[in-house]
Amino acid sequence: MLNKYARAFFTRVLTPFAAFLLRRGVSPDAVTLIGTAGVMAGALVFFPRGEFFWGTIVITLFVFSDLVDGNMARQAGISSRWGAFLDSTLDRVADGAIFGGFALWYAGRGDDNVLCAVSIFCLASGQVVSYTKARGESIGLPVAVNGLVERAERLVISLVAAGLAGLHAFGVPGVDVLLPIALWIVAVGSAVTLGQRVVTVRREAAEADAAAPGSEAAS
Ligand SMILES: CCCCCCCC/C=C\CCCCCCCC(=O)OC[C@H](COP(=O)(O)O[C@@H]1[C@H](O)[C@H](OP(=O)(O)O)[C@@H](O)[C@H](O)[C@H]1O)OC(=O)CCCCCCC/C=C\CCCCCCCC
Ligand SMILES: Nc1ccn([C@@H]2O[C@H](COP(=O)(O)O)[C@@H](O)[C@H]2O)c(=O)n1
Ligand SMILES: [Mg+2]
Ligand SMILES: [Mg+2]
């Protein structure tokens, strides 16, 4: 939903910045790489120590690079298969760091085995949700479904909650429950999304096989 409705807004807002970077000779690949490194640093330095406010601030500063890199490539007319591959692959790395950071907190000083398991479930299910689309498309199917909780939703729900929960360290009472609630929402939402995508791929695969029996072996 966010990908559909918020992307146009962020494209308008970020286009001047993307143009500025291009004028300075920065490449889309550099933005992809630096953005991912920044997200990883924010997640893996701050989250395992329970510093959710500062971790979220750092991640937020870098995560929008994922919208800037593609914008730059399109403006410069240099969108490429390599760029698409790099972008999607590093998305998986960034997501692993974010939910891995939560898991490390709960495995350590956060001391909550259930929430550690929920964080790992969010990490794994998010990767599998993305894989369903990549694999379905690689065997020639349209995978014409996005589902309830895509990457943008996973990030916004968990990061808004982490940022607010981090205010607990500054004396704001009650906000620390927001992160566990968000992680449960992302976990359940990702499981539903996985089901939606698997059902769609199964239907599309059956239709494609009926139209051209045996063609899967070729692909
Ligand atoms: C005192 C308060 C303290 C709190 C401070 C924190 C505030 C900030 C909190 C959160 C900010 C979160 C921002 C998250 C922005 C995410 C942007 C982004 O990168 O989205 C990526 C997404 C997808 O991009 P791609 O097409 O490149 O990726 C594809 C995708 O990964 C596919 O995965 P799948 O979906 O299938 O699982 C892959 O299949 C594919 O391979 C891959 O290519 O981009 C978008 O979706 C575009 C829309 C972005 C919408 C961003 C909305 C941000 C909205 C609000 C943020 C600000 C909220 C502030 C709240 C403040 C609270 C106090
Ligand atoms: N280094 C890059 C990054 C992205 N691209 C192209 O942009 C598409 C992704 O767009 P986003 O708005 O989601 O970033 C991607 O599929 C590539 O076509 C690129 O060429 N180089
Ligand atoms: Mg991108
Ligand atoms: Mg991306």
Side-chain angles (χ1 to χ4, degrees), residues 1-44 47 55-56 58-102 122-160 162 186 189-190 193-194 196-197 201:
M1 218 165 65
L2 282 173
N3 201 14
K4 194 168 165 192
Y5 295 108
R7 186 179 273 276
F9 169 77
F10 280 100
T11 297
R12 261 198 317 278
V13 170
L14 294 172
T15 291
F17 181 58
F20 167 79
L21 292 178
L22 284 169
R23 281 198 301 277
R24 301 300 300 254
V26 179
S27 72
D29 285 3
V31 171
T32 309
L33 288 164
I34 292 168
T36 306
V39 170
M40 289 178 71
L44 294 175
F47 285 176
T56 306
V58 173
I59 292 171
T60 303
L61 286 175
F62 285 96
V63 79
F64 284 100
S65 65
D66 191 21
L67 297 172
V68 174
D69 56 3
N71 190 320
M72 290 170 70
R74 285 186 288 278
Q75 276 194 56
I78 53 171
S79 295
S80 64
R81 288 183 177 81
W82 161 250
F85 172 83
L86 184 71
D87 184 307
S88 292
T89 302
L90 293 190
D91 283 352
R92 306 288 84 77
V93 173
D95 294 358
I98 292 171
F99 290 102
F102 293 138
C122 289
L123 194 169
S125 57
Q127 307 279 8
V128 178
V129 162
S130 299
Y131 177 80
T132 54
K133 191 150 224 162
R135 183 62 178 133
E137 288 173 352
S138 81
I139 52 174
L141 301 174
V143 196
V145 62
N146 289 321
L148 187 65
V149 176
E150 292 180 85
R151 178 164 189 257
E153 283 82 7
R154 292 198 294 275
L155 293 182
V156 170
I157 293 168
S158 53
L159 291 176
V160 168
V186 171
S190 297
T193 308
L194 181 56
Q196 290 175 300
R197 290 194 182 186
V201 168

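Read the numbers this way: they start at 1 and go in the same order the structure lists the ligands and their atoms.
An N or O contact shorter than 3.5 Å is missing between Asn71 and ligand 2 by distance. Inclusion of Gly70 in the set of residues having an N or O under 3.5 Å from an N or O of ligand 2 is warranted.
The one candidate from Thr32, Val26, Leu21 that meets the side-chain contact (heavy atoms from CB on, under 4.5 Å) condition with Val68 is Leu21.
Within ligand 2, counting atoms from 1 as listed, the ones closer than 4.0 Å to a heavy atom of Asp69 are 3 (C), 14 (O). The atoms of ligand 2 that sit less than 4.0 Å from any heavy atom of Thr32 are 1 (N), 2 (C), 3 (C). With ligand atoms numbered from 1 in the order given, ligand 2 contributes 1 (N), 2 (C), 21 (N) to contacts under 4.0 Å with heavy atoms of Asp29. Per-residue contacts place Asp87 under 4.0 angstrom from the following atoms of ligand 2 (heavy atoms of the residue considered): 3 (C), 4 (C), 9 (C), 14 (O). With ligand atoms numbered from 1 in the order given, ligand 2 contributes 18 (O), 20 (O) to contacts under 4.0 Å with heavy atoms of Ser79. Interface atoms of ligand 2 facing Ala84, defined by a heavy-atom separation under 4.0 Å, are 15 (C), 16 (O), 17 (C). Residue contact check: Ala73 has heavy atoms under 4.0 Å from atoms 5 (N), 19 (C), 20 (O) of ligand 2.
Ring geometry for Phe102 versus Phe99: interplanar angle over 60°, hence perpendicular rather than tilted (30 to 60°).
At a cut-off of 3.5 Å, with distance as the only test, a side-chain donor of Asn71 or Thr15 sits close to an acceptor on the other residue. Side-chain contact of Thr89 with Arg92: a donor-acceptor pair under 3.5 Å is absent, judged by distance alone.
Residue contact check for ligand 2: Arg74 places a non-hydrogen atom closer than 4.0 Å to it. Heavy atoms of Arg7 approach ligand 2 to within less than 4.0 angstrom.
Two residues are said to be in side-chain contact when any heavy atoms from C-beta on lie closer than 4.5 Å; Lys133 and Ser88 fail this criterion. Contact annotation: the side chain of Thr193 never approaches that of Val145 to less than 4.5 Å [non-hydrogen atoms, C-beta and beyond]. Side-chain contact between Arg151 and Asp66 is present, with heavy atoms from C-beta onward closer than 4.5 Å. No side-chain heavy atom of Val201 sits under 4.5 Å from any side-chain heavy atom of Arg135.
In this structure, the separation between CG on Leu155 and CG on Asp91 is 8.5 Å, given to the nearest 0.5 Å.
Between the OD1 atom of Asp69 and the O atom of Asp66, the angle taken at the Mg ion (ligand 3) works out to 80° after rounding to 10°.
Taking the Mg ion (ligand 4) as reference, Asp91 places its N/O/S atom OD2 nearest. Sorting the N, O or S atoms of Asp87 by how far they are from the Mg ion (ligand 3) puts OD2 first.
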